Protein chains: 2
Amino acid sequence: MFGDKENISTCDDFCIHEEVVQRAKQNMLKEEIVYDLADLFKVLGDSTRIKILRAISLEEMCVCDIASLFAISQSAISHQLRTLKNARLVKSRRDGKNIYYALDDEHVDLIINQGLEHILHQ
Amino acid sequence: MFGDKENISTCDDFCIHEEVVQRAKQNMLKEEIVYDLADLFKVLGDSTRIKILRAISLEEMCVCDIASLFAISQSAISHQLRTLKNARLVKSRRDGKNIYYALDDEHVDLIINQGLEHILHQ
DNA sequence: TGAACATATGAACAGTTAATCATATGAAAG
DNA sequence: CTTTCATATGATTAACTGTTCATATGTTCA
């Protein structure tokens with residue numbers, strides 16, 4: 001009877017508030033979206049990357065300037081910039097020997113500021 | 001010879017755009033704030049936690065309901081709920097044997113939606 | 001062309017993290 | 001009080017992440 005529906009060993013079907021669960025199910029994001037979203041926040045979840053994003057939020061900066069701003073090696077900055085670029089959070093342009101990085105879109109700043117509000121208002 | 005000013009081995013002081021760096025420096029967040037912010041996003045940077053937050057964004061849910069909604073064990077959910085609670089993203093209340101979780105404030109939803117916009121508009 | 005410089009990249013290693021399993025806690029009902 | 005059930009917690013382990021070091025790429029200038 002309970003047969004072929006293998007269950008995840010939790011709360012054996014009894015405590016479930018069916019309606020609540022159904023409504024939540026309606027509201028669920030597609031698995032792929034959830035992963036993309038988590039990946040986005042994962043990228044934001046590193047202090048070095050936050051610093052970089054903040055730094056270039058006013059105006060574009062070359063790698064060397066960014067590295068000199070913090071006590072972080074050029075290599076580390078470069079690795080992080082790649083991560084940020086893969087996440088489409090920053091864009092770059094070359095000018096001679098230098099490569100300048102800037103925020104890729106305004107969302108980035110919005111998200112960070114929203115985060116700041118959460119932090120600052122406890 | 002190059003003496004006491006040990007340098008972080010980058011871009012030996014020459015390529016620096018002084019003014020740009022200065023302006024960025026003005027705009028810098030306090031170290032502690034940066035860490036808190038990174039921690040916040042770190043917490044958001046996990047698909048299981050995103051799912052949980054989304055699920056309880058409509059109305060509070062008990063642990064058991066949340067676990068039944070996804071194919072995730074009760075233990076895993078419980079661990080994640082603790083992480084979310086430590087980050088002040090959710091709050092809980094007990095009612096008999098059940099414990100109900102809800103979003104701790106509106107920021108949470110705002111941040112997630114902002115993230116969604118970034119994702120969806122490429 | 002080659003030297004000097006800005007940036008990128010790969011490998012390696014240490015530190016962190018999320019799931020699982022087993023077990024503990026704490027409320028309720030008999 | 002003992003059992004049952006919902007939830008929490010600790011230990012363990014596998015996977016992942018960020019930095020460092022060494023080196024490569026690609027641009028400029030002599």
Side-chain angles (χ1 to χ4, degrees), chain A residues 7-17 20-21 34-35 38-39 41-52 56 60-87 90-101, chain B residues 7-17 20-21 34-35 38-39 41-52 56 60-87 90-101:
Chain A
N7 227 327
I8 316 290
S9 81
T10 40
C11 162
D12 301 343
D13 288 333
F14 288 131
C15 78
I16 297 181
H17 304 77
V20 176
V21 173
V34 172
Y35 276 97
D39 283 342
F41 289 125
K42 225 170 275 185
V43 172
L44 294 174
D46 175 83
S47 56
T48 299
R49 290 191 289 264
I50 299 242
K51 287 180 194 172
I52 294 175
I56 65 178
E60 63 175 16
M61 292 179 76
C62 73
V63 178
C64 158
D65 284 344
I66 299 172
S68 84
L69 187 55
F70 317 110
I72 302 175
S73 73
Q74 177 270 320
S75 178
I77 295 283
S78 200
H79 279 296
Q80 298 297 23
L81 283 169
R82 181 163 50 148
T83 300
L84 290 168
K85 198 168 182 185
N86 288 341
V90 307
K91 62 189 171 189
S92 64
R93 73 177 179 87
R94 165 160 241 144
D95 181 15
K97 275 187 278 191
N98 295 307
I99 298 185
Y100 292 85
Y101 282 85
Chain B
N7 228 327
I8 315 289
S9 81
T10 41
C11 167
D12 300 344
D13 288 333
F14 288 134
C15 78
I16 297 181
H17 304 77
V20 176
V21 173
V34 171
Y35 275 97
D39 283 342
F41 288 126
K42 227 171 272 184
V43 171
L44 294 173
D46 175 83
S47 57
T48 299
R49 290 192 289 263
I50 298 247
K51 285 180 193 170
I52 294 176
I56 65 177
E60 61 174 15
M61 293 179 75
C62 72
V63 178
C64 158
D65 284 344
I66 299 173
S68 85
L69 187 55
F70 316 111
I72 301 176
S73 74
Q74 177 269 319
S75 179
I77 296 281
S78 201
H79 280 296
Q80 299 296 20
L81 283 170
R82 182 164 48 147
T83 300
L84 290 168
K85 199 167 181 188
N86 288 341
V90 308
K91 61 188 172 192
S92 63
R93 73 178 179 86
R94 167 159 240 144
D95 181 15
K97 275 189 279 191
N98 295 307
I99 297 184
Y100 293 85
Y101 283 85

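Note that this is a predicted model, so its numbers are computed, not measured. Per chain, numbering begins at 1; letters A, B, ... match sequence-line order.
Between the CD1 atom of A/Ile99 and the C1' atom of C/dT7 there is a distance of 6 Å, rounded to whole Å. The CD1 atom of A/Ile66 sits 13 Å away from the C1' atom of C/dA6 (whole-angstrom rounding). Atom CG in A/Asp39 sits roughly 12 Å away from atom P in D/dC16 (whole-Å rounding). Rounded to whole Å, the distance from CG on A/Leu44 to C1' on D/dG18 is 16 Å. Between the CZ atom of A/Arg82 and the P atom of D/dG18 there is a distance of 12 Å, given to the nearest Å. Across the protein-nucleic acid pair, B/Asp65 atom CG and D/dC5 atom C1' stand 14 Å apart, rounded to whole Å.
Residue A/Tyr101 is classed as a sugar-phosphate contact, given heavy-atom separations below 4.0 Å to backbone atoms only.
Residue B/His79 holds its NE2 atom at 12.5 Å from OG1 of B/Thr48, rounded to the nearest 0.5 Å. In this structure, CE in A/Met61 is found 10.5 Å from OH in A/Tyr100, a value given to the nearest 0.5 Å. If you take OH on A/Tyr101 and CG on A/Leu81, they are separated by 5.0 Å, rounding to the nearest 0.5 Å.
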Strictly under 3.5 Å: I want the nitrogen or oxygen pairs between protein and nucleotides 16-26 of chain C, one per line.
residue	atom	partner	partner atom	Å
C/dA18	OP1	B/Arg49	NH1	3.4
C/dA18	OP1	B/Arg49	NH2	2.6
C/dA18	OP2	B/Arg49	NH1	3.3
C/dA19	OP1	B/Thr48	OG1	2.8
C/dA19	OP2	B/Gln80	NE2	2.6
C/dT20	OP2	B/Ser73	OG	3.4
C/dT20	O4	B/His79	NE2	3.2
C/dC21	N4	B/Ser75	OG	2.8

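Counting only distance, with no hydrogens or angles, the side chain of A/Arg82 and the backbone of A/Leu84 share no donor-acceptor pair below 3.5 Å. With B/Arg94 contributing its side chain and B/Gly96 its backbone, the two residues share a donor-acceptor pair below 3.5 Å.
Contacts of A/Lys91 classified as side chain to side chain donor-acceptor pair (under 3.5 Å), with partners at least two apart in sequence or in another chain: none.
For the OP1/OP2 pair of C/dA27 and a distance below 4.0 Å, the side-chain nitrogens and oxygens of B/Asn98 include no atom meeting the criterion.
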